[in-house]
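No hydrogens, no waters, no symmetry mates; every other heavy atom, side chains included, goes into these values. Nothing fancy with the numbering, it's 1 onward along the sequence.
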Amino acid sequence: MGKYLKVGKILKTQGLKGEVKVYSTTSFKDIRYKKGSTLFVLTKNNEYLKVKVNSFYSKGENLDIISFKNYDSIETVEQLIGLEIYALKDESILFDNEYYYDDLLNLEVIDEENKKLGIVDSIEEFPSQITLKIKVSQKKYFYVPFNDFFIKNVDLEGKTIQIHVIEGLIE
């Protein structure tokens, strides 16, 4: 079995016909929630429950309404409230120079002279751009916009991201 990627969390039921309100964390909603797609709900027993998407529509930026096949009443989906939804990692949906956030976490960040600057602690999504939060020490961080100007090379095998440093970026 491949690697699981978190795509959302079930917040509550929606209506009486088995729909659930989901807080989505995926950038690929149209693919992940397409009718017939297979998803996995992580149960309280830490087991992946396989479900198939029956319907999907968006309620806004991160809120979506989803129903699953064979879950057609409020009673059948109540047990899913609060659980996280996962999909299998699929490299084929990425374009060149696109990465899963999960793959970027904990990569070593180096400058153009290969000097170690820190590690990727998290990925922050802002309306204008995606930004890497780089951990330098226990309490010190800096942020790097994830764009071609700053990101010079991402080497997943070598577990490094090479960045272009400008004055004021790290301090």
Side-chain angles (χ1 to χ4, degrees), residues 2-12 14 19-35 37-42 48 51 53 55-66 68 80-112 116-171:
K3 186 174 182 186
Y4 294 100
L5 292 172
K6 182 178 169 186
V7 296
K9 182 175 183 170
I10 299 172
L11 301 176
K12 63 182 186 175
Q14 175 82 16
E19 291 179 322
V20 290
K21 185 179 275 189
V22 173
Y23 178 80
S24 293
T25 55
T26 180
S27 299
F28 305 103
K29 291 181 187 188
D30 292 339
I31 296 169
R32 298 295 189 203
Y33 303 150
K34 184 177 174 185
K35 185 173 181 157
S37 293
T38 299
L39 295 173
F40 300 87
V41 177
L42 185 59
Y48 288 97
V51 294
V53 176
S55 67
F56 151 71
Y57 63 93
S58 184
K59 292 280 282 183
E61 193 162 322
N62 291 95
L63 289 178
D64 299 302
I65 306 299
I66 301 174
F68 304 113
L80 305 178
I81 295 171
L83 300 180
E84 294 177 337
I85 305 171
Y86 291 80
L88 286 178
K89 190 171 185 179
D90 180 2
E91 305 292 343
S92 69
I93 65 176
L94 297 176
F95 292 107
D96 287 345
N97 296 320
E98 284 190 336
Y99 305 93
Y100 286 113
Y101 290 175
D102 196 52
D103 290 338
L104 300 176
L105 292 175
N106 298 313
L107 292 186
E108 184 176 53
V109 178
I110 57 175
D111 66 14
E112 290 170 296
K116 183 179 177 182
L117 302 172
I119 63 162
V120 177
D121 185 65
S122 65
I123 291 90
E124 311 283 329
E125 273 194 67
F126 299 106
S128 59
Q129 66 188 1
I130 295 167
T131 303
L132 302 179
K133 181 179 178 184
I134 312 301
K135 184 176 185 176
V136 177
S137 65
Q138 200 62 30
K139 294 182 179 179
K140 186 176 179 193
Y141 297 89
F142 69 96
Y143 294 85
V144 177
F146 196 79
N147 62 40
D148 292 341
F149 179 78
F150 288 104
I151 306 299
K152 294 304 166 193
N153 185 42
V154 176
D155 180 0
L156 295 179
E157 287 181 20
K159 298 192 181 302
T160 61
I161 297 178
Q162 187 176 55
I163 66 168
H164 174 64
V165 178
I166 61 170
E167 189 174 334
L169 182 69
I170 297 174
E171 285 78 36

task = Give me the ring orientation class for Phe56 and Tyr33: parallel if the planes are under 30° apart, tilted from 30 to 60°, perpendicular past 60°.
result = tilted

ask   = Step by step, would you call Phe150 with Tyr143 a side-chain contact (heavy atoms from CB on, under 4.5 Å)?
value = CA-CA 11 Å; Phe150 288 104; Tyr143 294 85; over 6 Å; no

query = How far apart are the closest heavy atoms of Glu125 and Ile130, and which atoms are they?
reply = CG-CG1, 4.1 Å

query = Between Leu104 and Val120, what is the shortest heavy-atom contact and its length?
reply = O-CB, 3.3 Å

task = Heavy atoms only: give me the nearest Leu11-Ile81 pair and the separation to one decimal.
result = O-CG2, 3.4 Å

message = Is there a side-chain contact between Leu107 and Leu156 in this structure, where contact means two heavy atoms from C-beta onward sitting under 4.5 Å apart?
response = yes

query = Have Ser122 and Glu124 got a donor and an acceptor in their side chains that come within less than 3.5 Å?
reply = yes

remark   = All heavy atoms of Val51 vs all of Phe40, minimum pair found to be CG2-N, 4.5 Å

inquiry  = If I compare all heavy atoms of Val136 with all of Leu117, which pair ends up nearest, and what's the gap?
reply    = CG2-O, 3.7 Å

ask   = Do Lys133 and Ile123 come within less than 4.5 Å of each other through their side chains, counting heavy atoms only?
value = no

request  = Determine yes or no for a side-chain-to-main-chain donor-acceptor pair under 3.5 angstrom, with Lys152 supplying the side chain and Asp148 the backbone.
outcome  = yes

request  = Quick one: pull up OG1 in Thr25 and CG in Leu5 and give me the separation to the nearest 0.5 Å.
outcome  = 9.0 Å

request  = Look only at the side chain of Ser37 and the backbone of Ile31, and say whether a donor-acceptor pair between them is shorter than 3.5 Å.
outcome  = yes

task = For residues Ala87 and Leu39, report the shortest heavy-atom separation together with the two atoms involved.
result = CB-CD2, 3.9 Å

query = How about Phe146 and Tyr101: do any of their side-chain heavy atoms sit closer than 4.5 Å?
reply = no

task = Would you mind reporting whether Glu108 and Lys159 have side-chain heavy atoms less than 4.5 Å apart?
result = no

inquiry  = Students often mix this up, so state it plainly: with edges at 30° and 60°, are the rings of His164 and Phe149 parallel, tilted or perpendicular?
reply    = perpendicular

ask   = In terms of heavy-atom contacts, does CD of Glu61 have more than 12 from other residues, nucleotides or ligands at under 6.0 Å?
value = no

query = Can we say Lys89 and Asp102 salt-bridge, meaning some charged N sits less than 4.0 Å from an Asp/Glu carboxylate O?
reply = no

ask   = With a cut-off of 6.0 Å (strictly less than), are more than 12 heavy atoms of other residues, nucleotides or ligands near OH of Tyr23?
value = no

task = Start with the C-alpha distance between Ile134 and Ile163, add both sets of side-chain angles, then the distance that settles side-chain contact (heavy atoms from CB on, under 4.5 Å), and finish with yes or no.
result = CA-CA 11 Å; Ile134 312 301; Ile163 66 168; 5.9 Å; no

inquiry  = I'd like to know if the side chain of Asn62 pairs up with that of Ser24 as donor and acceptor (distance under 3.5 Å, no hydrogens or angles considered).
reply    = no

ask   = Would you call Val109 and Ile119 a side-chain contact if the rule is heavy atoms closer than 4.5 Å?
value = no

ask   = In Å and rounded to the nearest 0.5 Å, what is the CD to OH distance from Gln14 to Tyr57?
value = 5.0 Å

